[in-house]
Amino acid sequence: MGVECRGAARRRSGGLGVTLFRYPWLFMHYWRLSALVMAQYPLNTVIWLVFATIYHLSSIGILWAMLQRFPVLGGWTFPEMFFLYALWNMAHGLYAITLAKVYWLSRHVREGRFDIFQIRPVGALFQVITTPEGISLQDPLIAIVLFVVAVGQLHVALTPTDFALLPAIVVGGALVKGGLLLAVYALSFWAVRMDAGRQLLETLEVQFVRFPLSIYPQAVQWFFSFVLPFAFVSFVPAQLILRKDTVALLSPQLGYLTPAVGLAVFAAGYLLWRIGLRRYESTGS
Amino acid sequence: MLRYGAFAQAALRREGVYRVNVVVGLLGLVLGLYVLHLVWTELYRANAAVAPAGITLPAMLTYMVIGQLALLVVQVDSTPLIREKVREGIIAYDLLRPVRFPLYLLADNLGSAAFRLLIALPAAVLAALLLDVQLPPDALHVLAFGASLGFGLVIAFLLDFLANLTAFWTLETFGLQYMLRFAGFVLSGVFVPLWFFPDVWRPLVTALPFASIYGTPLSIFVGRLDGGELWSAMLLQVTWTLLLAGAAGWAWSAAERRVVVQGG
């Protein structure tokens, strides 16, 4: 973290323009360091790559086995559900290398490190999400491979418009996931331990996102559209791309809104974070 | 034998201490049951015409509920301790103790499983009342289910043990162990019964040790395995238990020798 420390004396300075360039640059630096760490332990990296691949294959394998004797689930066939999973995984892959480390916040606060973050010349949130703990650069790689396979086995071909839309959808999905995590952890400024909250959030996501939203009762669909809008990570945009309309509550056209929903959720999480930060008092040790 | 009983008891008590883990785990279980309940109900509702003969929806839901509870009980794991101790170099002390380390791990596993059983049994009763779970056809199937699940627990332990034993050579076992575990999610039939697999795959998948962990006991519970089929499935479980126990014993003595060589 030497780069940031050197500027500590100057305090936060520079306008929006500087910030816009500096943060992506620092992030690239962070990824580069992570890649170097991974290259340092090649066996470990390979094991993790295989491990993550098997994990996704088993998730997809369960869907595959379910839909051997039964052709459809909630109006979705296996190839479509595979695509649904792969699209979710794209957002997850981006999230894994950007915002996922928000969960370090409660550790930093508890162990008193967070105070140091306050006086460094980059935002505290940025320092939390770049906590130097091995990040999994293989997650987005696997996500891309899986997505290509998923697209290949679909019965419909994706149009150029779909491909043009894809980056915005993936970024939107990652922002939804990151924004919700940020909101949960911003609460840790009020109540110190939020790790159970994160486990609950992850459990909800993992349990419900694997299957099309159309199989759930309306109240559950409503919950995942407006309270924890995980529906916008994969289900709604997948409906748009596959031209499916299986939930009365959510028209496929709403898929265009995924980036906006992502920005809104992230903005809400960030707002909560700012409010919490103002309230923050050191654990004092 | 007595001291291994004490180890099992200690593990049982230890599991009870981590209350938040227990609560979050239970919540995950309930949510998972709810989702799978919806999934199977919807699969049967939407595909009534093609629903496989002989497996009714209530039988399928029973299989699913008991399967998730069995997962809760069987998925205990003390064997990563091998990796930790090998990495820290303190495994030698465990070799000096008047306790056979593999048996200590097995006892620890059984103790944890007993704790999970304390949660799973009331949950099973509750599920029977709320979710229309069918009981096994007769007393023989109840007994066979219990014995079969016991074998499943031991087979799962032996696979984890063998995976973590590689720590003596590689120091890293997490990847291998979880690969086996995730492969097991699909191939053991705990999420999707093996009888739904395509005909080409079924004989192979049924013969693998994974099927002996969950597939066999669960099929017995819903009365899908009967008479000769039941006995041959359990015989396969016994065979896998003996084979894997033999492999574990052999691998353990090889690992012991390796420590001696390293330690000089």
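Naming convention: chains lettered A, B, ... in sequence-line order (proteins, then strands); numbering from 1 in each chain.
Within the 4.5 angstrom heavy-atom criterion, only side-chain atoms of F211(A), from C-beta onward, approach chain B. For chain A, the nearby part of L36(B) is the side chain; its heavy atoms alone come within less than 4.5 Å. The part of V220(A) that comes within reach of chain B is its side chain, from C-beta onward, which places non-hydrogen atoms under 4.5 angstrom from that chain.
Ranked by heavy-atom pairs shorter than 4.5 Å toward chain B, the options R69(A), E202(A), M66(A), Q207(A) are led by R69(A). Most heavy-atom pairs under 4.5 Å with chain B: of the set I47(A), L73(A), L57(A), this distinction falls to L73(A). Interface check for chain B: of the options P71(A), G74(A), G61(A), the most heavy-atom pairs under 4.5 Å are formed by P71(A). Of all the listed residues (F51(A), Y216(A), W48(A), F70(A)), the one sharing the greatest number of non-hydrogen pairs under 4.5 Å with chain B is F70(A). Here V186(B) is the residue among L194(B), T41(B), L187(B), V186(B) with the most heavy-atom pairs under 4.5 Å with chain A.
By the 6.0 Å and 45° rule, R202(B) does not stack over the aromatic ring of W195(B). For R198(A) and Y103(A), the positive end sits near the middle of the six-membered ring, less than 6.0 Å away and at most 45° from its axis.
With respect to E229(B) and R224(B), no salt bridge is recorded, no charged nitrogen being found less than 4.0 Å from a carboxylate O.
For the pair R258(B) (side chain) and F168(B) (backbone), a donor-acceptor distance under 3.5 Å is present.
Aromatic ring centres of F191(B) and W64(A) lie farther apart than the 6.0 Å criterion allows.
Using cut-offs of 30° and 60° for the angle between ring planes, the F114(A) and W273(A) rings count as perpendicular.
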